[in-house]
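Fair warning: this is a prediction, and the values are worked out from it, not measured in the lab. So you know, we letter chains A, B, ... as the sequences are listed, proteins then strands, and number each from 1.
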There are 2 protein chains.
Amino acid sequence: MFETLLTYIKRHSESSLSDEDIMLIKKSFLFKSLKKKELFLEQGKVCQYTGFIIKGATRQFSIDASGIEHVIQLSIENWWSVDRESFLMKAPSVYNIEAWEDTDLLVLSLENLERIHSIPAIKEMFWQMNQSNFIASQKRLNYSISLPALERYEEFLKHYPEFVQRFPQHTIASYLGISKETLSRVRNKYVHK
Amino acid sequence: MFETLLTYIKRHSESSLSDEDIMLIKKSFLFKSLKKKELFLEQGKVCQYTGFIIKGATRQFSIDASGIEHVIQLSIENWWSVDRESFLMKAPSVYNIEAWEDTDLLVLSLENLERIHSIPAIKEMFWQMNQSNFIASQKRLNYSISLPALERYEEFLKHYPEFVQRFPQHTIASYLGISKETLSRVRNKYVHK
DNA sequence: GTACGATATTGACAAATGTCATCGTTCCAA
DNA sequence: TTGGAACGATGACATTTGTCAATATCGTAC
């Protein structure tokens with residue numbers, strides 16, 4: 001159950017893990033299982049955990065004034081799922097996080113995060129994760145202000161080909177900030193070009 | 001010259017700075033002065049420094065296939081200016097960073113960053129900066145996929161009122177991902193509503 | 001097995017935004 | 001001081017994208 005997480009930590013840090021480190025890590029995470037459509041985080045509540053996905057997939061979305069859902073983030077195995085703002089500030093979240101498949105997570109409270117932060121490999125891992133999250137987010141932003149729908153979709157395909165298999169098209173459309181009809185038409189253009 | 005930076009560090013960390021810490025910090029930064037329109041980073045080159053702005057303003061932008069500039073980031077005093085991807089990966093940047101006013105910076109190389117990273121307050125400061133950068137970037141993304149032009153502008157005004165005084169409208173339009181003409185019209189609507 | 005809901009496609013039309021051209025103003029540099 | 005570049009506003013029109021409705025398909029819960 002912890003193998004995925006430990007492998008992830010090793011791949012994202014320079015320092016190695018002692019046996020005590022591993023013990024501490026195992027004590028600090030909780031196992032959580034969600035059925036499809038179950039909520040990991042509900043709008044208005046504080047995000048209590050940051051979750052490492054062992055199996056399954058989640059989507060994070062906001063609901064605007066007209067009741068329309070906007071997908072902010074998609075995550076699958078080996079990704080973290082959390083609303084960082086709510087989690088770190090202990091503030092009510094404006095987002096929902098929903099399991100899109102039956103999903104298994106290892107979750108970590110803020111207190112336990114601070115506890116295992118004493119482990120160098122953990123610190124490095126989170127540091128690296130922060131950096132790459134920020135870089136990815138800046139890239140997505142760049143695309144969203146500078147590319148038309150078709151090219152945004154092509155970039156998405158290039159970066160996250162697995163996601164196309166795992167999430168329905170209207171979810172991906174929302175992630176890209178376009179309507180599902182536009183994505184459908186754009187895919188047609190893409191196939192025939 | 002270092003007061004601004006030291007104040008910033010204190011405000012963004014819990015640990016305090018010893019005199020030796022301050023010495024090390026002062027040794028690790030270089031002073032850099034840019035005239036208006038001068039480049040801090042040029043597309044295709046590696047971003048050698050992360051810069052803390054003491055005075056002035058910068059804009060980070062990409063240039064697309066049609067030669068059109070897209071503003072990714074605007075920064076003023078007390079902000080950091082850097083292309084993090086290029087800086088951390090030592091990879092050629094796809095962005096330019098230009099001084100929009102005469103600008104004074106304290107800049108830090110990656111090697112020196114690693115050196116002062118031994119100081120707890122510095123580590124905490126960068127950690128917090130990373131978190132809030134990511135949160136801000138996620139928020140901007142949320143707005144860019146879920147709000148129409150007028151509301152995007154209103155959010156911008158609410159979050160960054162100073163920026164409206166410091167940057168020309170067409171720069172802000174580009175930052176928001178809309179054309180300068182649309183922003184001009186949208187502002188008219190905003191004033192008269 | 002069937003019925004229903006979720007998904008995806010398509011057409012007709014509407015709305016938002018972009019593009020191009022023009023003009024007036026301001027501001028800075030020669 | 002003045003001329004030109006940068007900036008911003010506006011009109012006419014094009015393009016992109018969204019909205020709404022109809023339909024087909026597929027999977028799945030009962």
Could you please name the option among C/dT19, D/dA9, D/dC7 that lies closest to any side-chain atom of B/Arg187? D/dA9
Using the side-chain heavy atoms of B/Thr182, tell me which of these nucleotides is nearest: D/dG18, C/dG18, D/dG8. C/dG18
Considering only heavy side-chain atoms of A/His170, the closest of D/dG11, C/dT7, D/dC20 is C/dT7
Value in whole Å for how far the C1' atom of C/dT22 lies from NZ of B/Lys180: 12 Å
Roughly, in whole Å, what's the span from NZ in B/Lys36 to P in C/dC28? 8 Å
For C/dG11, does the base pair up with any side-chain atom of A/Arg185 as donor and acceptor (N or O, under 3.5 Å, distance only)? yes
Nearest-angstrom distance from the residue atom NZ of A/Lys37 to C1' of C/dA6: 8 Å
Does the side chain of B/Gln73 come under 3.5 Å of the side chain of B/Arg59 through a donor N or O and an acceptor N or O? no
Among D/dT10, C/dT10, C/dG18, which is the nearest nucleotide to the side chain of A/Asn188? C/dT10
Rounded to whole angstrom units, what separation is found between the CD atom of B/Glu69 and the P atom of D/dC7? 10 Å
For atom CG of B/Leu150 and atom P of C/dG18, their distance in whole Å: 13 Å
Nearest-angstrom distance from the residue atom OH of B/Tyr153 to P of D/dG8: 10 Å
To the nearest angstrom, how far is B/Gln169 atom CD from C/dC27 atom P? 14 Å
